[in-house]
**Student:** 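Sharing a structure here in structure tokens format.
Lettering follows sequence order; numbering is per chain, from 1. If you're wondering where the values come from, they're calculated on a predicted model, not measured in any experiment.
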2 protein chains.
Amino acid sequence: MSGTKIRNMEEFAAISGISRPTVSKYFNDPSSVRSSTRARIEAALEEHDYRPNIFAINQNRKLTKNIGIVVPYLADPFFAEIARNLEEHCIQVGYRPTLYSSHGEQKLELEIMDSLRSLRPAGVLFAPLGRASNKSEIEKFCSDVPTVLFDSNLEGIGEAFVGSDNFSFVSQTVEYLTRTGEPPIFFEMKTPANPNANKRRIAYLQMMERLGLDPHVIKVDGQGWAFEEIGRNGALKVLGTEKLPTNAILCSNDRLAIGFLSACYELGIKVGRGADASLRVASNDDHPFARFTCPSLTTAAHDYESVSNRSVETLFQLIESGGRFKDRTETLFQARLILRDSA
Amino acid sequence: MSGTKIRNMEEFAAISGISRPTVSKYFNDPSSVRSSTRARIEAALEEHDYRPNIFAINQNRKLTKNIGIVVPYLADPFFAEIARNLEEHCIQVGYRPTLYSSHGEQKLELEIMDSLRSLRPAGVLFAPLGRASNKSEIEKFCSDVPTVLFDSNLEGIGEAFVGSDNFSFVSQTVEYLTRTGEPPIFFEMKTPANPNANKRRIAYLQMMERLGLDPHVIKVDGQGWAFEEIGRNGALKVLGTEKLPTNAILCSNDRLAIGFLSACYELGIKVGRGADASLRVASNDDHPFARFTCPSLTTAAHDYESVSNRSVETLFQLIESGGRFKDRTETLFQARLILRDSA
DNA sequence: ATATAAATTTTACGCGCGATAAATTTTTAG
DNA sequence: CTAAAAATTTATCGCGCGTAAAATTTATAT
């Protein structure tokens with residue numbers, strides 16, 4: 001790079017010997033200019049490293065290159081990993097993602113939508129809180145900004161939904177537990193934060209009926225997103241008082257299971273498949289920490305590579321379609337059973 | 001809100017009956033206009049919900065209201081919590097934070113700095129990767145953008161550093177372990193990602209010398225930010241082969257400890273303070289998951305309320321000082337020992 | 001070589017707001 | 001009640017770029 005600092009596109013155009021509008025075209029799409037001029041611009045670029053002012057660009061472009069990514073709870077490593085994945089994809093195709101976390105609070109989710117509106121994003125990848133979401137506000141938002149929902153579906157809202165097939169999670173875990181031992185009891189929060197939880201309970205009930213077995217659902221108290229704490233307290237209460245009808249527990253999700261296992265350990269209840277174990281515990285999600293629980297957690301894994309890939313693909317199709325789809329599509333990916341030591 | 005959509009400040013000014021420059025002043029600082037005109041503007045604001053175009057603002061303002069927040073690894077809930085805290089503070093005082101994660105990779109950390117430059121932020125709160133950072137590039141960045149480093153110190157870089165006093169972590173855990181039983185062995189990564197790890201090892205050696213005890217440091221293989229995995233594999237190897245000189249382990253950080261405890265469980269090694277336990281394990285950080293390990297983890301907690309508060313305060317002082325401090329300050333907060341079941 | 005299409009340049013304007021200076025009005029102090 | 005101070009209005013410029021229409025050059029085909 002040479003010494004002279006370039007202030008704007010005008011100056012850069014002068015140096016490269018190309019007119020400013022053509023340089024502007026180049027930055028919006030390098031392949032839209034003749035290869036000879038492209039070469040001249042890129043030569044000048046190596047000499048003087050100039051970058052167009054992002055604010056001026058966004059002010060004038062009809063459609064920005066901004067993408068919003070919203071997750072419900074970033075302190076959950078599962079969402080952090082997905083968000084990272086989504087960010088990467090967006091950057092690769094030349095967009096500027098911005099990451100937001102609702103942190104379990106409706107107020108924050110609303111504020112985020114407010115922020116996003118003023119960013120005039122080309123599109124938004126949105127994993128809503130679920131039960132705590134202000135659905136009519138999200139619906140309004142989606143009618144203003146091209147949005148693909150992921151992870152957590154809000155019926156009819158957004159141009160598309162990409163997530164995991166909750167039935168495939170529960171059917172595999174229930175089938176496995178039943179086949180290899182006693183049928184499971186379903187362990188969940190009384191008022192789950194997330195619609196996936198409801199679908200998983202329904203799937204459990206269906207599976208048990210299909211297998212001709214009596215379902216048992218344990219619902220524990222607790223609100224919010226501190227699932228581990230809720231699972232732990234619930235387990236301490238249940239395991240201390242009730243006599244369980246079978247020796248297998250299926251937690252609605254891994255974070256509850258992490259709490260459940262910590263309670264088992266504290267109560268001296270041996271969990272696992274061995275003969276010395278008195279309880280088997282399985283779960284759903286394959287949380288990043290599921291390999292480090294004691295014992296390691298048998299769980300059904302999200303195909304979150306596919307979920308995030310498809311979410312981004314869908315969003316870019318949406319953007320190219322002008323922000324609207326004719327029909328709202330729902331894409332669900334199958335879970336994969338991961339056998340570890342807890343069941 | 002009424003029906004008419006407002007396109008720009010001109011239109012809004014006309015409706016509110018105030019001149020545009022005064023409206024502009026209001027949005028930059030509501031207290032800078034007479035209370036009677038403020039009331040008129042706010043009345044109009046309730047009728048027509050207008051918001052100034054963020055891009056036009058940032059293009060023209062000498063100093064934007066953007067704040068960059070950079071953490072090394074967002075999939076670590078510890079950083080997610082801190083980031084949330086920082087974001088909240090920034091928003092409260094009218095700034096617009098944007099969150100970035102380097103995800104353990106130098107390449108990403110560099111790209112983030114690149115993005116941040118074009119955002120022309122008023123200031124940046126930066127927790128660098130540490131060993132994997134390109135220090136000279138970070139130094140360049142800090143000379144362009146007012147930056148406060150936090151969590152992980154790079155000597156002499158940035159206008160200030162706010163973090164935790166590593167000595168106070170280790171001194172408390174070492175003192176406690178020694179007082180209540182055998183002195184600890186220090187367990188860490190061979191090539192730690194973070195400078196805090198080195199300071200903690202040094203603190204351990206100092207404390208042991210001060211107490212007149214023989215230090216023992218176990219360094220396990222592994223690179224990157226998958227600390228749990230590294231701790232687990234290291235523990236499996238060490239516990240399987242070596243005869244430990246004492247029955248107490250002090251892990252450099254909680255994520256290593258999480259892996260260590262999972263290895264202990266798998267090997268059937270009982271961890272805790274009871275007479276039936278053969279090993280005590282303590283650690284540093286008070287990770288959000290430390291309460292759910294088996295057994296729950298005795299650890300020294302960051303005062304991360306204070307760290308995040310002070311980081312933000314320092315940054316705003318820096319911004320008000322025009323982006324430069326006369327002297328670079330380092331602020332360290334003391335740890336607090338949290339006694340749980342593992343030691 | 002000529003006609004035609006494609007790419008580029010020129011010219012001109014607009015985006016929405018911050019900033020500033022001078023003129024005017026309103027408020028405050030004496 | 002008057003002078004000074006403070007706030008507002010008016011007027012105008014500039015920020016850095018996108019975009020569109022018209023004029024011109026260059027490439028492609030006949």
Side-chain angles (χ1 to χ4, degrees), chain A residues 4-45 48-66 94-96 117-122, chain B residues 4-45 48-66 94-96 117-122:
Chain A
T4 51
K5 283 272 172 182
I6 307 218
R7 301 189 168 280
N8 53 37
M9 197 179 278
E10 191 84 47
E11 287 187 20
F12 177 75
I15 288 176
S16 61
I18 307 287
S19 74
R20 190 180 67 73
T22 304
V23 171
S24 173
K25 267 192 83 178
Y26 168 84
F27 279 108
N28 285 321
D29 179 9
S31 69
S32 70
V33 305
R34 197 170 15 187
S35 63
S36 60
T37 60
R38 184 164 58 237
R40 291 172 66 189
I41 291 175
E42 281 164 359
L45 220 41
H48 300 277
D49 89 320
Y50 154 77
R51 297 180 53 168
N53 179 301
I54 188 82
F55 303 116
I57 291 175
N58 284 330
Q59 181 175 19
N60 295 307
R61 229 203 285 265
K62 284 173 187 164
L63 213 55
T64 71
K65 289 278 190 179
N66 299 328
Y95 281 78
R96 288 182 63 100
R117 277 185 218 268
S118 65
L119 269 188
R120 289 179 39 222
Chain B
T4 51
K5 284 271 174 183
I6 310 228
R7 301 190 167 280
N8 54 36
M9 197 179 277
E10 191 83 48
E11 287 188 19
F12 177 75
I15 287 176
S16 61
I18 307 286
S19 73
R20 187 178 69 76
T22 303
V23 171
S24 173
K25 269 192 80 177
Y26 167 84
F27 278 109
N28 286 321
D29 178 8
S31 70
S32 70
V33 304
R34 196 160 34 194
S35 63
S36 60
T37 61
R38 184 163 57 239
R40 290 173 67 188
I41 291 176
E42 281 163 358
L45 220 42
H48 300 277
D49 89 320
Y50 154 78
R51 297 182 52 170
N53 180 302
I54 189 82
F55 302 116
I57 290 175
N58 284 330
Q59 181 175 20
N60 294 308
R61 231 204 285 264
K62 285 173 188 164
L63 210 57
T64 72
K65 290 277 190 180
N66 299 328
Y95 281 77
R96 288 182 62 101
R117 276 185 218 269
S118 65
L119 268 188
R120 288 180 39 223

**Student:** Would you mind reporting whether Thr37(A) and Lys25(A) have side-chain heavy atoms less than 4.5 Å apart?
**Tutor:** no
**Student:** Can you tell me the distance, in whole Å, between the CD atom of Glu10(B) and the C1' atom of dG18(C)?
**Tutor:**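 Value for this atom pair: 13 Å.
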**Student:** Tell me which nucleotide among dG16(D), dG18(D), dG18(C) gets nearest to the side chain of Met9(B).
**Tutor:** dG18(C)
**Student:** Using a 4.0 Å heavy-atom cut-off, does Lys25(B) contact any base of the nucleic acid, only the sugar-phosphate backbone, or nothing at all?
**Tutor:**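 Since no nucleic acid heavy atom lies under 4.0 Å of Lys25(B), the category is nothing.
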**Student:** For dA7(C), take OP1 and OP2 only and decide whether either is under 4.0 Å from a side-chain N or O of Thr37(A).
**Tutor:** no
**Student:** So which heavy atom on Ala56(A) is nearest to which on Asn53(A), and how close?
**Tutor:** N-OD1, 2.9 Å
**Student:** Pick the closest DNA chain D nucleotide for Pro21(B) and for Pro21(A) by heavy atoms, then say which residue is nearer the 5' end.
**Tutor:** Pro21(B)
**Student:** Figure out the CZ/P separation between Arg38(A) and dA27(D), and round it to whole Å.
**Tutor:** 14 Å
**Student:** Of Asn53(B) and Arg34(B), whose nearest nucleotide on DNA chain C comes first from the 5' end?
**Tutor:** Asn53(B)
**Student:** Pick base, sugar-phosphate or nothing for Tyr50(B), based on heavy-atom distances below 4.0 Å to the nucleic acid.
**Tutor:** sugar-phosphate
**Student:** Indicate, yes or no, whether a donor-acceptor pair under 3.5 Å links the base of dG18(C) to the side chain of Arg20(B).
**Tutor:**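 Yes, the side chain and the base share a sub-3.5 Å donor-acceptor pair.
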**Student:** Tell me what Ser24(B) touches on the nucleic acid: a base, only sugar-phosphate, or nothing, going by heavy atoms under 4.0 Å.
**Tutor:**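 The residue Ser24(B) makes sugar-phosphate contact but no base contact.
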**Student:** Distance check needed: dC17(D) P versus Arg7(A) CZ, whole Å only.
**Tutor:** 12 Å
**Student:** With Arg7(B), which of Glu10(B), Lys5(B), Met9(B), Glu11(B) fulfils side chain to side chain contact (heavy atoms under 4.5 Å, CB included)?
**Tutor:** Glu11(B)
**Student:** Give me the ring orientation class for Tyr50(A) and Phe12(A): parallel if the planes are under 30° apart, tilted from 30 to 60°, perpendicular past 60°.
**Tutor:** parallel
**Student:** Toward the 5' end of DNA chain D, which comes first, Asn8(A) or Thr22(B), by nearest nucleotide?
**Tutor:**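 The residue mapped nearer the 5' terminus is Thr22(B).
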**Student:** Rounded to the nearest Å, what distance is computed from the CD1 atom of residue Ile6(B) to the P atom of nucleotide dC17(C)?
**Tutor:**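 Answer to the nearest Å: 11 Å.
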**Student:** Answer yes or no: side-chain N or O of Asn28(A) and base N or O of dG18(D) forming a donor-acceptor pair under 3.5 Å.
**Tutor:**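 Checked by distance alone, the answer is no.
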**Student:** Which whole-number value in Å describes the distance from Arg40(A) CZ to dT9(C) C1'?
**Tutor:**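 It works out to 12 Å between those atoms.
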**Student:** Roughly, in whole Å, what's the span from CD1 in Ile41(A) to C1' in dT8(C)?
**Tutor:**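 My rounded result for the distance is 11 Å.
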**Student:** Rounded to the Å, how far apart are Asp29(A) CG and dT8(C) P?
**Tutor:** 11 Å
**Student:** Check whether any side-chain heavy atom of Val33(A) sits under 4.5 Å from a side-chain heavy atom of Thr22(A), and report yes or no.
**Tutor:**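 With C-beta onward as the side chain, the pair touches.
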**Student:** Please determine if a side-chain N or O atom of Lys62(B) lies less than 4.0 Å away from the OP1 or OP2 oxygen of dG14(D).
**Tutor:**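 Checking Lys62(B) against dG14(D): no side-chain N or O falls below 4.0 Å of OP1 or OP2.
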**Student:** In whole Å, what is the span from the CZ atom of Arg61(B) to the C1' atom of dG14(D)?
**Tutor:**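 After rounding, the reported distance stands at 17 Å.
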